[in-house]
Amino acid sequence: MTRGREAFVVTAVLAALVALAMISTISLGPVARRMPLLVAVPTFLLLLVELVRRGPSTSLPTPDRAPAERRLFAWVGGLLALVIVCGMTAGVPLFLVASARRLFGERWMPALAMALAMAVVLAGGLEYGLGIRLYPGIAGRWLQESLP
Amino acid sequence: VVIEATLVAAWEGLRLVFAWPNVLYPLAGTLLAMAVAFLPGVSGVTLMALAVPFTLTWDPLEVVLLFGGLVGGATFMGSVTAILFNVPGTGPSAATLLDGYPLAQQGQARTALGCAALSSAMGSSVGVLLLVLLVPFMTRAILAFGPLELLLLVVWGLATIVVITRGGAVPAAIATGIGLLLSLVGHDPLTGERRFTFGSLFLWDGLSLVPVMLGIFSIAEMADLAVSGRRSISGAGPGAGSSGSVLAGARALFQNVGLFLRCSVIGTVIGAVPGIGGTVASFMAYGHAVQSARGGGRFGQGDIRGVLAPEAAHDAKDAGALVPVLAFGIPGSDATAVLMAALVLHGLAPGRELMTDQLPLVFVLIWSLFLSNWVTSLLGLALVSPLSRLTSVRVGLIVPLVLALAAVGAFAEQQRIGDVLVAVLFGVAGYYMKKHGWPRIPLVVALLLGASLERHLHVTLRLHALDRLDVLGRPVALLLLLLVAVTVGSSLIKRIPLPREASS
């Protein structure tokens, strides 16, 4: 997809979301829909102006960053998955080591040092120091339930 | 007589703050707030809330001293991340990144940080000085702000952001509209009807600002940095020196004293209006800097005045923000709400008694805030060199670290895993917004101010329906209407091409 077409698609997605917001106000009472309509109608009209202005014909010859973007967002998704499965205290340091090594080709030492420092901040600073209960994850919950 | 009593109380307050060992409390509070500001998702407000139960047995004077330090300590640190990583630590810091981050990218991080630190400290001093002089009058002035004035003030704030945002007013207005729509997710404040929740229990409470901000700035910026192929934020290798200097940042302040003073006054006055907060103050000051600059300047591309103006207003507003809390018990932000709770728990009820019989204690709070702002800025100045080196840390280390901190920060605020998903989704959205020239700051500011806008709109319309709203009899409202018209009008005039330009 060219950059111009992508810009058009992004604007179209925004317009669709605002249109969805407008449609979903139908089920609301007159008071609750006042502010959403007051905002959504002019925003939608301005988006239509932008859609015309950013038409697909305004394509710019730029380097294709799509593979790098897809790879990075896959890693961000991986971070979320790691947190959900392993919990925050284990998942975040694991992500640090894995992404620094695999995505950016960093050496083991700085990657491990960074992960260790993060584990200390999470477990020592947040959980024990400030008493903030971090997300245990599916594995953490399973461990809590299985251990006596 | 009132002014004399105020000055005597101010002196008594100053003496109490700097007496030994009292001075240790604001210093400890400041250092604690600064240290915690580096922990992901732990704001100054969290720290203040955590401190309340520990101080229950303390003397009210000690509590006031400590909380003054806690309020002031976290303010400057939000601007550090805004300048270095394009990630605003707090809402008001979003105005600082407009020029602070371009300066960091140009290797001028030291200049930007130096200017920010000095503007913050001097801005808070102007704020405190104005507060000391105006306390007797400000309490009366605040009463002139009703729902209509508050509504117009928010509208003025949003109009200013749309006008000053680079890349055109139409995309900025659209981003503002989307931000306002996002702020409506949850329920209607008047009827309680659920809106835009699409059957999700998670959305009942609305979208929290922190995960949205972390996604749209932190994750999006790091994604952009990772795919850009740059070696570091500044593009320089590790250990590379910065061409900027703290002295150049300080010099910028003294070369723009007039702008600095005007922005400090803007911060103090807007800070004193309850429920508006520092974000509007910072953007108003930035807008004023843009509109008053001779020759247009290089705003948005790394103009040091774009750092000076919001920083001066941001710290000056802290002093002003205390007036509605102490005089009327109306907290204008989360921090002042926790502060008020702490005061009430120690038998210091906001109102007439506090502002007359306990006035020295009020000034203890003001002076400890003043001391805290200076300590933060001086420490910030001392840390400029190591902090500015962060912009030359390798992408392979800084990107995973900031992404991880964003995930932890998104979760830590309300301890909901759904907020991490929100941060990721807004990270993707923020990346594509940046890539295609959609401004992100108006969206975040609108999300922040949307609830306030709707609340004041409902009350104003209700008053109008009851025939209790005399617009012509409200000079502040008329003045604000004029300001909105001038802001929008001046922007439209600037966009109309002159005949010679049009023909060429």
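Just so it is clear, the model here is predicted, and its values are computed rather than measured. Numbered from 1 within each chain, the chains take letters A, B, ... in sequence-line order.
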>> Taking the basic N atoms (NZ, or NE/NH1/NH2) and the acidic carboxylate oxygens, is any pair closer than 4.0 Å for E6(A) and K435(B)?
In response: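 Looking at E6(A) and K435(B), the cut-off is met.
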> Are side-chain heavy atoms of P110(A) and R394(B) found at a separation under 4.5 Å?
Replying inline: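 Yes, their side chains come closer than 4.5 Å.
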>> Any heavy-atom pair between the side chains of V420(B) and M88(A) that's under 4.5 Å?
In response: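 Yes, close enough: below the 4.5 Å cut-off.
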Does any heavy atom of chain B fall under 4.5 Å from the side chain of [X], the backbone, both, or neither of them?
X       : result
E106(A) : side chain
L72(A)  : side chain
L79(A)  : side chain
F95(A)  : side chain
L38(A)  : side chain
L17(A)  : neither

>> Using heavy-atom distances under 4.5 Å, tell me whether R416(B) contacts chain A through its side chain, its backbone, both, or neither.
In response: neither
> So H458(B) and R34(A), side-chain contact (heavy atoms from CB on, under 4.5 Å) or not? Walk me through it.
Replying inline: CA-CA 9 Å; H458(B) 273 320; R34(A) 185 161 52 202; 2.9 Å; yes
>> What verdict does the side-chain hydrogen bond (donor to acceptor under 3.5 Å, both in side chains) test give for Q415(B) and Y135(A), after you've listed the backbone C-alpha separation in whole Å, the side-chain angles of each residue and the deciding distance to 0.1 Å?
In response: CA-CA 7 Å; Q415(B) 299 176 29; Y135(A) 186 67; over 6 Å; no
> Does T25(A) offer a backbone N or O that forms a donor-acceptor pair with the side chain of R195(B) under 3.5 Å?
Replying inline: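 Checking the backbone N and O of T25(A) against the side chain of R195(B), no donor-acceptor pair under 3.5 Å is found.
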